[in-house]
Structure formats: structure tokens, C-alpha cells
Amino acid sequence: MAEAIAFYALSVLILGFAILVVSTRNTVHSVLFLVLNFLCVAALYVTLGAEFLAVIQVLVYAGGIVVLYLFVVMLVNLKRPPETHQDPRRQTLTGFVLAGLVLGELVAIAVYSALPPTPTGGVASVQGGNVERVGYALYVDYLIPFEVASMLLLVAMIGAIVLAKKEL
Amino acid sequence: MITPAHYIVLSAALFIIGVIGVMVRRNIIIIFMSIELILNAVNINLIAFSHQWQNVIGQVFAIFVIAVAAAEAAVGLGIILAFYRNKETVNIDEMNLLKW
Amino acid sequence: MLDTVVIPLLKILILLNGVLIAVTYMVLLERKVIAWVQVRLGPMRVGPYGILQPIADAVKLMVKEDITPTRADKWVFTAAPIIVIVPALIVFAVIPFGDQVDLFGRTVSLYVTDINVGLLYIVSVASIGVYGIILGGWASNSKYPLLASLRASAQLISYEVAVTMTLVSLIVVAGSLSMVQIVRAQQDAHVWFVFLQPVAFVLYFIGGLAETNRAPFDLPEAEQELTGGFHTEYSGMRFALFFLAEYANMIVVSAVATTLFWGGWLRPFPSIQVAPLAWLGLVPGWIWFLAKTFVFLYVFLWVRATLPRYRYDQLMRLGWKVLIPLAIANLIVTGFVKVLL
């Protein structure tokens, strides 16, 4: 019961803030709604027993990535708003139609493939809390992908610095 | 009783909102934020199945998704800043230099 | 019902009131300490030795006119102080003030909750507070607050990296992210972690000074350059919220330093059971905790009264070129030692 209440309340908040993100005119307000959306998603992770990921979500997304967005929005201090002119190629209509089609498809998949819940033991080979299990999986089973991800972040960091620098 | 189907529907709806944002808005910063919404929709699915199967591998994948999102945001915003310095716009319809 | 609802609510009530009272008296203490350093008297008029000054300040702030600039973004302007104060207060949920005690025949633990990602929770929630500062400066629609808020957010993000990196090496030593488990680990190790991680403690404290915008890193509030900082346009209770958040963050940094490095509620020499030290065990744990936290708070004020302010480029150079490389080196050394031992 409590799980259902939490799920529905968080779902409404997540979807509501997501709609506000894409529909608000003011870009700074849009960024703010994005933060609220991410915080609600983090709360959803907590209800799913993934505390470590919830904290990472707040730390990386809400505390890092979105601050970057906010910085860029403030630096790109727009003299003329980007959406004043008419949409030349009717992309708005196409967008909604395509989105509706994808929604229909996803709902169909979800409805037809709704398996009966069969929780299994899985490969939880390490006892302990969520952090220990995630850490074990990350550093033992997925060590190579983890290193590749670190290389990706390094490359992205160097690329961002090169792009943002005025002259090298 | 909340089944994985509930989470799939939630994540599908979030995904769709992100897709609409990408297709409809012309401000590239908003488009980037819509992509973050899409990535979050994916993460919700991964975590829901991780909970369903009592297996942490879904959470490990979600961590990789977050890492990729961080890399994407850093490079993408760098491109936006570089572009804005040259053309004074963030409208994606005016970013058509590669067509020439 | 009693264990799951009433007792936690009571704890939260006591904690929030305690924190807010502590914060108001921190302001008085700061004025007094700086006055002593400068051979002045400080506030003396309200009550004996000025001890009722915080109440006078609070009344003044509450009855002051609440001004919103006409060109300001109303919603964001209102939300910014709230965004600053909420993370500063909810961090206290995982700080362990003491171990379990017997109270009225029940066993009560002296912390609101103990989650197994406690330390990460503190770091991540603290990183939300930066939004209030950026948005407060932006929404004022005024140039000095905007400059100050850009300075503040760049500073907070830079030093957050250094502090988080530093804390990782402490986590390696402690082997847990739960604040209570970290204190227990210090009991099991028979030593406070400051003796195992002295570099980490120094880095953490410098980073803590910078993250709370305190002197010598109070660039965002440099009155001579910015007419007051990101909260220039705020008045009355909204200004007070920014002020409360700054002091609450100081208490958080001190309490976390106590918990992670100085043994939390443990007495000095936590595992030596000899007669000359027995009297140390008579003092309850929470008094040790509060005393240690108070020492750090005093150091905050002492530093402010002593050191001149950094220049902005020096601040950034210190953060990126000294603290972060040192934190990474410390982490590598810690990892090697941990593997080899």
C-alpha cells in the first residue's frame, strides 16, 4: 500500500516536472524543473532499494550536470529569444505524431509482455548493503567497462576544455 | 501491488516527454535537457528490473549511463558555448553550417 | 508506532531547534571572538555581556520590510533562500551525536537515522545548496549579486571536487559509508582516523572553509568588491535564511570533521582502559561530540579573525593545482598501503 502511494505520487511529480521542463519558456525555470525532476527520480530509486544510485543521481546529475547547464544558460545571455520565428518545416506536428506512435508501441510491449513477477536469487554473491553489492559488481565483474568509462570521461573532459578555450 | 509494468509505463511516458522536447523545441539547451530526461527514463527501467530480479547489474548499467550522460553534457555544452561565441544563437535551425 | 513515528519526530524537533539556537548563538560568538581578537568588547548592551543579542537580531530581521526588486524573477527570488536552507538542515539527519543511550527505560540512539550511504548523502545534499546561491544572484537581476553568485558557484564546485576526493581516501580506511559505522571503525582501530589520514584532514578542513564561503575564502561575500555578495538584494527574513544556512553549514562541516577524523562520540584514547584515564569514560559521548565540534567552530572564527582574504585567481589555483592533486596523491598512497598491509 505504502509502496503504491509512493509510486503514484512520485510518478505524478516526475511526469509533471518533465512536462514543465519541455514546455516552459524561460530556460532558467526549465533547468530548475529539471533539478526537481531528478530529485524525484532519486526518491523513486530509494523506494526501489537502490540507495547508492539515488545518491549518485543527486550528486552527479543534480549537483554536477545541471549546475553546468545553469552556467551555460547564464553565459548564453540571450538578446533575442530563440523561438520567436515560425516553425518553417512543421516539425512540431511531426514530433507529436512520432511521439504518440512510440508511446503506443511501448505501451503495447509493456502490456503484452507483462511477465508474472518471478524474483530469483540472482548472482548476489556478496552479502551486505546496496553499496557493497554494487561496488563488488562494478570492480569485479565489470572492471573493463569501468575503466573504459573512465577513459570516456577523461576524453570528454579534455574535449570540453579544448572546445571552450578561446585559443590554444 | 506495483509490478514492473507500472515502472515500464512510467519510463515510457518520461521517454515520450523527452522525445517531444527534442522534436518540438528549437532551443538547443532545452533539447539537451530533454535528452537527459530520456536517459533518466532508461535508468528507471534498469533500476526497476534490478529490483525485480534482485540483481545489482541493472544498477551497474545505470551508473554507466550516468557516466555517459556526464560526458555528453560536458562536450555538448562546450560545443554550444563555442557555437554561441561565433553565431550568437542557440537556435538549432540556424546550426546548419555542415550543410554547405 | 512509538518507535517508528513519535521518537523520530521528537528527535527531529529537538535537533532542528537545537541547530537553529546554536546558529543564532554562533553569530554572537563570532562577534565576541572577533572583538576579543581585536581587543574590543563586542556586543554588550542587550542583556549581561550581550547574551540576549541573538534574540534582538532575530526580532529585528523578522519585523524588517521584505523587499522584492521590481525587475526580479519573483518565483526564483523567493525559492532561492529556501533552496539554500533546506539542504543545510536535512544534512543533520545522518550526523551521529552519540551512541545508544538508555532514556526513561528505552534504548534511544542519538542520531535521527543511520543509512548505509550516509557520507555520500551528506556530500550530495550539500551539493544542492549551490543552486540557491546561483539562483539568488541571478533572480535579483542586479549586477553585483550576479557576479558574486558566479564566483560562489565556481568556488563551491571546484572545492567540492577536492573535498569529495579527500573523503574517498577516508572511506578506504574506514571501509564503510555509514557515519555510525565510521565511528565504530575508529573504536575498532583503537585510533582516531586523523592520525591515519592527517593530510586528508587538512585538505578537508581547507575545503570546508571554502565550501562554507568563510574567510579566507569569502570571495562571494567580499564587501569591498561586491557590496555584500549574492544576497545584496535580499532583506528581512529571506536574508536571514541565507545567513542561517551559512552558519548551519559551518556546524555541518565541523560535525562531519569530528565524526570522520576525531572519533565522533568516542573519548580520547578510546580503547586504553587504565585507571588514570578512567575519568574520561564518565563523560557522556554526546558531550565529547559537542565539545569537539565546538573546537572546530572556534577554529573557523579564529581563522576569520586572523587571515586576510585570498585573491580570486589564487583561490582557483589553490583549489585546482594544490588541493585536488594532493587529494589524488593521498588516495593513491592510501590505496597502496591498504593493499600492502
Side-chain angles (χ1 to χ4, degrees), chain A residues 3-4 7 11 14-15 18-19 21-22 27 30 34 38 41 44-45 48-50 53 56 60-61 64-65 68-69 72-73 75-76 78 82-83 91-92 94-96 98-99 102-103 106-107 110 114 117 119-124 133-134 137-138 142 145 149 152-153 156-157 159-160 163-164, chain B residues 1-6 8-10 12-21 23-27 29-30 32-34 36-37 40 43-44 47-48 50-57 59-60 62-64 66-71 73-75 77-82 84 88-91 93:
Chain A
E3 193 199 357
F7 174 78
S11 301
I14 289 171
L15 296 180
I19 291 170
V21 168
V22 298
T27 319
S30 197
L34 189 68
F38 286 165
V41 172
L44 190 73
Y45 292 168
L48 283 167
L53 207 73
I56 291 294
V60 177
Y61 261 124
I65 295 176
L68 214 59
Y69 278 101
V72 172
V73 170
L75 289 174
V76 181
L78 292 171
E83 318 212 19
Q91 260 176 325
T92 308
T94 326
F96 276 110
L98 277 178
V102 178
L103 180 64
L106 288 173
V107 170
T120 60
V123 293
R133 288 177 28 211
V134 173
L138 201 56
Y142 289 87
L152 171 75
L153 287 172
M157 185 172 80
L163 278 170
Chain B
M1 179 62 193
I2 301 298
T3 59
H6 288 77
I8 296 175
V9 172
L10 168 66
L14 190 57
F15 190 93
I16 297 306
I17 293 170
V19 170
I20 292 174
M23 296 297 288
V24 172
R25 297 301 298 263
R26 305 265 56 86
N27 184 339
I29 299 174
I30 305 271
F32 263 78
M33 292 198 277
S34 306
E36 302 290 351
L37 289 180
N40 261 282
N43 273 355
I44 289 176
I47 305 296
S50 157
H51 179 69
Q52 167 74 11
W53 296 99
Q54 291 296 309
N55 190 328
V56 292
I57 290 174
Q59 299 180 24
V60 173
I63 288 174
F64 288 133
I66 290 178
V68 171
V75 177
L77 293 173
I79 293 174
I80 293 176
L81 274 186
Y84 181 77
E88 297 264 309
T89 178
V90 288
N91 189 324
D93 286 335

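Computed over heavy atoms, backbone and side chain alike; hydrogens, waters and symmetry mates excluded. Chain A is the first sequence line, chain B the second, and so forth, proteins listed ahead of strands; every chain is numbered from 1. Keep in mind that this is a model prediction, so the values were computed, not measured.
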Asker: Quick check on the interface: out of B/Val19, B/Ile17, B/Leu37, B/Val60, who has the most heavy-atom pairs with chain A under 4.5 Å?
Answerer: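 So the answer, after comparing B/Val19, B/Ile17, B/Leu37, B/Val60, is B/Ile17.
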Asker: Examine whether an atom of A/Phe7 lies under 4.5 Å from a heavy atom of chain B, and if so say whether it belongs to the side chain, the backbone or both; otherwise answer neither.
Answerer: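 Contact with chain B is through the side chain of A/Phe7 alone.
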Asker: I need the B/Ile63 CD1 to A/Tyr142 OH distance, nearest 0.5 Å.
Answerer: 12.0 Å
Asker: I need the minimum non-hydrogen distance between B/His51 and A/Leu48, along with the two atoms involved.
Answerer: ND1-O, 3.0 Å
Asker: Yes or no on side-chain contact (heavy atoms from CB on, under 4.5 Å) for B/Phe32 and A/Val72, after CA distance, side-chain angles and deciding distance?
Answerer: CA-CA 12 Å; B/Phe32 263 78; A/Val72 172; over 6 Å; no
Asker: If you compare all heavy atoms of A/Val41 against all heavy atoms of B/Asn40, which two are closest, and at what distance to 0.1 Å?
Answerer: CG1-OD1, 3.5 Å
Asker: Could you give the distance from CE (B/Met33) to CZ (A/Phe38), rounded to the nearest 0.5 Å?
Answerer: 9.5 Å
Asker: Drop me the distance from A/Thr27's OG1 to B/Asn27's CG, to the nearest 0.5 angstrom.
Answerer: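 It is 5.0 Å, given to the nearest 0.5 Å.
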Asker: Can you give me the closest heavy-atom contact between B/Ala71 and A/Ala156, atom names plus distance?
Answerer: CB-CB, 3.5 Å
Asker: Heavy-atom distances under 4.5 Å only: say whether B/Ile29 touches chain A with side chain, backbone, both or neither.
Answerer: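 Both parts, backbone and side chain.
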Asker: Kindly compute the distance separating CD1 (A/Ile19) from CG (B/Leu14), expressed to the nearest 0.5 Å.
Answerer: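 Output value for this atom pair is 10.0 Å.
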Asker: Taking all atoms of both residues into account, what is the closest heavy-atom pair of B/Ala70 and A/Val60, and its distance?
Answerer: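 Heavy-atom minimum between the residues: CB-CG1, 4.5 Å.
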Asker: In terms of heavy-atom pairs under 4.5 Å, which option from A/Ile14, A/Leu138, A/Leu153, A/Leu15 contacts chain B the most?
Answerer: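 When all of A/Ile14, A/Leu138, A/Leu153, A/Leu15 are compared, A/Leu15 has the most.
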